[in-house]
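These notes concern the structure reproduced below.
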Amino acid sequence: MDLRNIYQNNKLSHACSLRRILEFNFIENIFFMGGRSGTKEEFSFSSPKLKKIPLSSQEIRKIKNQLHGKPLYVSFDFDFIDSSLLRSVSCPEAGGPDFNTTFSLI
């Protein structure tokens, strides 16, 4: 989930990136979808800026309507895709969607 406060004594680790981004004052909203694994700390972490959203086309449409044309930055983590289909990611996680489902969500 990349929401750890610290990982291997490093607050700037790849496992902490989203947590660090939330510390910027200019960040208003982060819509987080598709996380399948994490620590207890990451699953229980909350921030008024962080919206953990169920993964569905319907939820994506709701976000699109809520944004009303505001600028949007999309970050896509390849370990979202099932690791049996995309084996070269550094932190593989089984159980993700296939390519067609992923592309339809994007």
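Atoms considered below: every heavy atom in the structure, side chains included; atoms not considered: hydrogens, waters and symmetry mates. All values reported here derive from a predicted model rather than from experimental measurement.
For the pair Phe43 and Lys52, the tightest heavy-atom approach, listed with the atom from each and the gap, is O-NZ, 3.1 Å. Closest of all the heavy-atom pairs between Cys91 and His14 is SG-CE1, 3.8 Å. Of all the heavy atoms in Pro92 and Ser83, the pair that sits closest is CB-CB, 3.6 Å. Pairing each heavy atom of Met1 with each of Ser37, the nearest pair is CG-O, 3.2 Å. Nearest heavy-atom pair across Asp98 and Thr102 is O-OG1, 2.8 Å.
To the nearest 0.5 Å, atoms CG (Asp77) and CG (Leu18) are separated by 10.0 Å. Atom-to-atom distance recorded for Leu3:CG and Arg20:CZ is 10.0 Å, nearest 0.5 angstrom. Here the OG atom belonging to Ser47 is positioned 12.0 Å from the CD1 atom belonging to Ile21, to the nearest 0.5 angstrom. With rounding to the nearest 0.5 angstrom, the OG atom of Ser75 is 10.0 Å from the CZ atom of Phe32.
No continuous path of ILVMFWY side-chain contacts below 4.5 Å connects Leu50 to Phe31, so the two sit in separate hydrophobic clusters. Note: the hydrophobic cluster containing Ile30 does not contain Val74 (ILVMFWY, side chain heavy atoms under 4.5 Å, direct or indirect links). Hydrophobic clustering places Phe80 together with Leu72 (ILVMFWY residues linked when any side-chain heavy atoms are closer than 4.5 Å, directly or through intermediates). Hydrophobic cluster membership differs between Ile106 and Tyr73, with clusters built from Ile, Leu, Val, Met, Phe, Trp and Tyr side chains linked at under 4.5 angstrom. Linking ILVMFWY side-chain heavy atoms closer than 4.5 Å, directly or via other members, places Val89 and Tyr7 in two distinct hydrophobic clusters.
More than 12 heavy atoms of other residues, nucleotides or ligands shown are found within 6.0 angstrom of CZ on Phe99. For Glu28, the CD atom sits in a loose shell: 12 or fewer heavy atoms of surrounding residues, nucleotides or ligands are nearer than 6.0 Å. Within 6.0 Å of atom CZ in Phe76, more than 12 heavy atoms from other residues, nucleotides or ligands are found, so the atom counts as buried in its surroundings.
Within the 4.5 Å cutoff, no side-chain heavy atoms of Lys49 are placed close to those of Asn29. A 4.5 Å side-chain heavy-atom check between Leu22 and Phe45 finds at least one atom pair inside the cut-off. In this structure, Pro97 and Asp82 have side chains that are not in contact, with every pair of non-hydrogen atoms separated by 4.5 Å or more.
A donor-acceptor pair under 3.5 Å is absent between the side-chain atoms of Ser13 and the main chain of Asn10, judged by distance alone. Of the possible donor and acceptor atoms, none in the side chain of Asp2 sits under 3.5 Å from a partner among the backbone N and O of Cys16. In this structure, Lys51 contributes its side chain and Pro48 its backbone to a donor-acceptor pair below 3.5 Å.
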Under the salt bridge (Lys or Arg N to Asp or Glu O under 4.0 Å) criterion, do Arg4 and Glu42 qualify, and how do the steps go? CA-CA 6 Å; Arg4 294 183 190 203; Glu42 290 174 291; 3.7 Å; yes
Name each donor-acceptor pair under 3.5 Å that joins a side chain in residues 59-71 to protein atoms two or more places apart or in another chain, with its distance.
from: Glu59; atom 1: OE2; to: Lys62; atom 2: NZ; distance (Å): 3.3
from: Asn65; atom 1: ND2; to: Arg61; atom 2: O; distance (Å): 3.3
from: His68; atom 1: ND1; to: Asn65; atom 2: O; distance (Å): 3.1
from: His68; atom 1: NE2; to: Asn65; atom 2: O; distance (Å): 3.0

